Protein chains: 2
Amino acid sequence: MGMKVTIYDVAKKAGVSIATVSKVINNNTGNMRESTKQRVKKAMEELNYHPNIMASALMGKGTKTLGLLVPDISNPFFSEIAKVIEDRAHEKGYSVIMCSTDENEEKEKKNVELLQSKLVDGFIVGSTYRDKSIVQNLTKAGVPVVMLTQDDPVIDVSKVFVDDFKGGYEATIHHLQNGHHKIAIISEQRALASVKRTEGYLQALKTYGIQPRQEYMVRTRGTIANGIKAFGNLFQLPEPPTAIFACNDQLAIGVMLGAKEKGIKIPEQLSLIGFDDTILARATYPRLTTVAQPIAEMGKTVVDLLIEEIRLGCSKKERILYNPELIIRETTDKASKPDHIAKTE
Amino acid sequence: MGMKVTIYDVAKKAGVSIATVSKVINNNTGNMRESTKQRVKKAMEELNYHPNIMASALMGKGTKTLGLLVPDISNPFFSEIAKVIEDRAHEKGYSVIMCSTDENEEKEKKNVELLQSKLVDGFIVGSTYRDKSIVQNLTKAGVPVVMLTQDDPVIDVSKVFVDDFKGGYEATIHHLQNGHHKIAIISEQRALASVKRTEGYLQALKTYGIQPRQEYMVRTRGTIANGIKAFGNLFQLPEPPTAIFACNDQLAIGVMLGAKEKGIKIPEQLSLIGFDDTILARATYPRLTTVAQPIAEMGKTVVDLLIEEIRLGCSKKERILYNPELIIRETTDKASKPDHIAKTE
DNA sequence: ATGAAAGCGCTAACAA
DNA sequence: TTGTTAGCGCTTTCAT
């Protein structure tokens, strides 16, 4: 009972031609006798027939599969959004192949090639491609691509992302309003989003007339381990910062862990803000103040957009910008010594 | 420059037949002139040719794609192991399609069907299937399947998992050794692994001559929210437990959050142990004592096993059992009032 | 050592 | 309304 059942078996069983079966499969039953249709359907069920997607893909009908490229699936931000993407895709009859590129150039290229050979109808690119030509070649070849998270002007496709500048700005303003002057930023090395967040950070400082300091601006990969390291370096400075804006929650957790180890109290001695609002932000104690991205919305939108472009056969080149939201929890507080002001009080 | 280049284009350019090109693609160059081979290779490169996997799949060569079914990709345990699986698969030239089944029966069935149509060469099943026939039909149809995490005797395939009984036993013994008598367990409703962990829990109690109490045994879905709820219920008991064994880290985090809210101190007033040793266990404060699964090992093994079965064309039906390891961190401590013993001291 | 030709399971004109 | 047939791009005997 292991033999694969094909369209021929169904046709024979239903006493029709394979063309008729094909029409039933594809719902081209415009002018087909209802009885015929039913007979075919019954035969398909009885034989437990499932059309071979490969064969229809060969005919240019696509594979009903989406490729999802993320820099690191073990980062909760990406695993959370991957879940949303996968759900939405399935709702629409698509499956998704996911690749973690690990910010590794070779892997980036290999992953795309792996998915390319028509295995995939379109790509959602959440990774930070150093070699832009990888993505550019895709679009040049007519493969639908939507970028997630990165608003890279060099790559001319639809994009779904939050206003990173605003997120960085608001986070920093919050520190500032709490009386902090010595505010550090830990940003993700390769992420374009982090560049924007840094610009927001700088703008906020400027608004308050504060000169940015090079030693307060750390760039690194966005892992917990690097957050710990970054904190260690910042903490060793002759004048350590009293507040930190970490460009993702993992880095922020790293800071919390590092601070804990050194006996630095958060938020009493160090105010901290993360970015993403992943599960991590709620799981820590104290709970992390962070800039939320609308993960559910973004995931859903990026899928809908991509599928639409697949159907249309061309890119709509939309730039869908979401609003980040500062979620104030327990890692931020007033500066304990608001400098000169404190002295006069 | 957008036209797809086929084997015919390569053949024409190299001045050979498509059969020859095919041989080069598949490395059947046993008795082929080296010069011919090089000519073909050069043509392939110059045309940037990539074989169409669909077409070769149609010929029964497989898709070089693995299906991964997990109950919930946003659970760090699964996203962490998914990353490992994906890495290993890519190393071996396979891609992986991932589906979150969300412990939803309909989705389970739909996901499998989605992947079935020969889209996938084999399955890694990490989900808890209520309807066993879904997986059974797969193996009956000759599709390679390896189970991950669940050692279900009803399903006769290879399996990769930890000794859940031992994990549950050791966690509970640790509580017991700390002088706790009132130990609750929060287990995952549908996971077979949780059943085993519960058995270990019961065995440990028995060893210490402690009668299990029904009200200390909570079963629920393994999310943070449910952890909070479960703690709430346990806490309302006339005699609340002084220690909790949560069957995954997410539940444990929920307990921590719930305890925080009610002002219950961990570990002073409540000892807590989780399971999995995900990032969550290290991100919380205090850091979570938990039972570690060797995620990296397990992920690698399950891929290797599946690919081997795909190549062999038959199931090896191995049961690969890993050792869980209790990682003692900061959420467990001696019972503050070791009952009658405390009184005499 | 290389090539011709028959499919793999399906779709889409075009016939009937 | 239904069936015939020519491919889609590739692999694989079997000839040459």
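Worth saying up front: this structure is predicted, and the values here are computed from it rather than measured. In what follows, every chain begins at residue 1, and chains take the letters A, B, ... in the order their sequences are listed.
- Taking atom CD1 of A:Ile53 as the reference point, atom P of C:dT11 lies 11 Å away to the nearest angstrom.
- Rounded to whole angstrom, the span from the CE atom of B:Met32 across to the P atom of C:dT2 amounts to 6 Å.
- With hydrogens and angles left out, the side-chain atoms of B:Asp121 and B:Thr63 include a donor and acceptor closer than 3.5 Å.
- Inspection of the B:Thr128 and B:Gln150 side chains reveals no N or O donor paired with an N or O acceptor under 3.5 Å.
- Nearest-nucleotide positions on DNA chain C place B:Ser17 closer to the 5' end than the other of B:Ser17 and A:Thr6.
- Residue A:Thr20 places none of its side-chain N or O atoms closer than 4.0 Å to OP1 or OP2 of D:dT2.
- When the P atom of D:dC8 is taken as reference, atom CG of B:Asp9 falls 11 Å away, rounded to whole Å.
- Nearest heavy atoms, A:Leu138 versus A:Phe123: CD2-CD1, 3.6 Å.
- Rounded to an integer number of Å, the gap from A:Glu34 CD to D:dT2 P is 11 Å.
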Kindly list each side-chain donor-acceptor pair under 3.5 angstrom involving residues 30-41 of chain A, sequence neighbours excluded, with atom names and distances?
residue, atom, partner, partner atom, Å
A:Glu34, OE2, A:Gln38, NE2, 2.7
A:Arg39, NH1, A:Ala14, O, 2.7

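- Annotation: the span from B:Leu66 atom CG to B:Glu86 atom CD amounts to 11.0 Å, rounded to 0.5 Å.
- Checked against side-chain contact (heavy atoms from CB on, under 4.5 Å), B:Arg88 has the following partners two or more places apart in sequence or in another chain: B:Glu91, B:Lys92, B:Lys300, B:Val303, B:Asp304.
- With rounding to whole Å, B:Leu58 atom CG is found 5 Å from C:dC8 atom C1'.
- The side chain of B:Asn52 contributes no N or O atom lying less than 4.0 Å from OP1 or OP2 of D:dC10.
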Counting primed atoms plus P, OP1 and OP2 as sugar-phosphate and everything else as base, spell out the protein contacts along nucleotides 11-16 of chain D at 4.0 Å heavy-atom distance: B, S or - for each nucleotide, 5' to 3'. BB----
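- At whole-Å resolution of the value, CD in A:Gln38 and P in D:dT2 are 12 Å apart.
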